[in-house]
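Index from 1, following the sequence.
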Amino acid sequence: MAVATGEDPIGSLSSSIAPEIFGHEDIKRSLLLQLVSGCTRKLPDGMRIRGDINICLMGDPGVAKSQLLKHVASIAPRGVYTTGKGSSGVGLTAAITKDTTTGELALEGGAL
């Protein structure tokens, strides 16, 4: 409860993401927000806009991009970590699955 009522709850939670990596506060905040996702909106015409947040990390070699993503993939219950080196364009897959509880269709990513 102290975190929720604190001065900067997002900052204190994001600092627990990969604490062994110094700095990158803005990236850690964005990864935290990606983990909790956004709000799904339903428009008056019935169209549904997903609240998923996508992030593309780019930067020089050796600045902890992979370590941050590996840490987040280990936290996320349905997280899959893959790289361009580990899979070709053919090696990245996706499947449509139906949630047994809600009946909604979902696109799940994977790697071969």
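Within the structure, no pair that satisfies the salt bridge (Lys or Arg N to Asp or Glu O under 4.0 Å) test touches residues 60-74, not counting sequence neighbours. Applying the side-chain hydrogen bond (donor to acceptor under 3.5 Å, both in side chains) test to pairs two or more places apart or on separate chains, those with a residue in residues 1-14 are Asp8-Arg29.
To the nearest 0.5 Å, atoms CD1 (Ile27) and CD1 (Ile21) are separated by 9.5 Å.
Partners of Ile75 according to the side-chain contact (heavy atoms from CB on, under 4.5 Å) rule, which considers only residues two or more places apart in sequence or in another chain, are Leu35, His71. Residues passing the side-chain contact (heavy atoms from CB on, under 4.5 Å) test with Asp99, sequence neighbours excluded: Thr101, Thr102. Judged as a side-chain contact (heavy atoms from CB on, under 4.5 Å), and not counting sequence neighbours, Glu25 has no contacts.
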Distance-only check: which donor-acceptor pairs under 3.5 Å involve side-chain atoms of residues 40-51, not counting sequence neighbours?
residue	atom	partner	partner atom	Å
Asp45	OD1	Met47	N	3.1
Arg50	NH1	Asp52	OD2	3.0

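Within the 4.5 Å cutoff, the side chain of Val72 has no heavy atoms near those of the Leu32 side chain.
Between His24 and Val63, the shortest heavy-atom distance links the atoms NE2-O, 3.2 Å.
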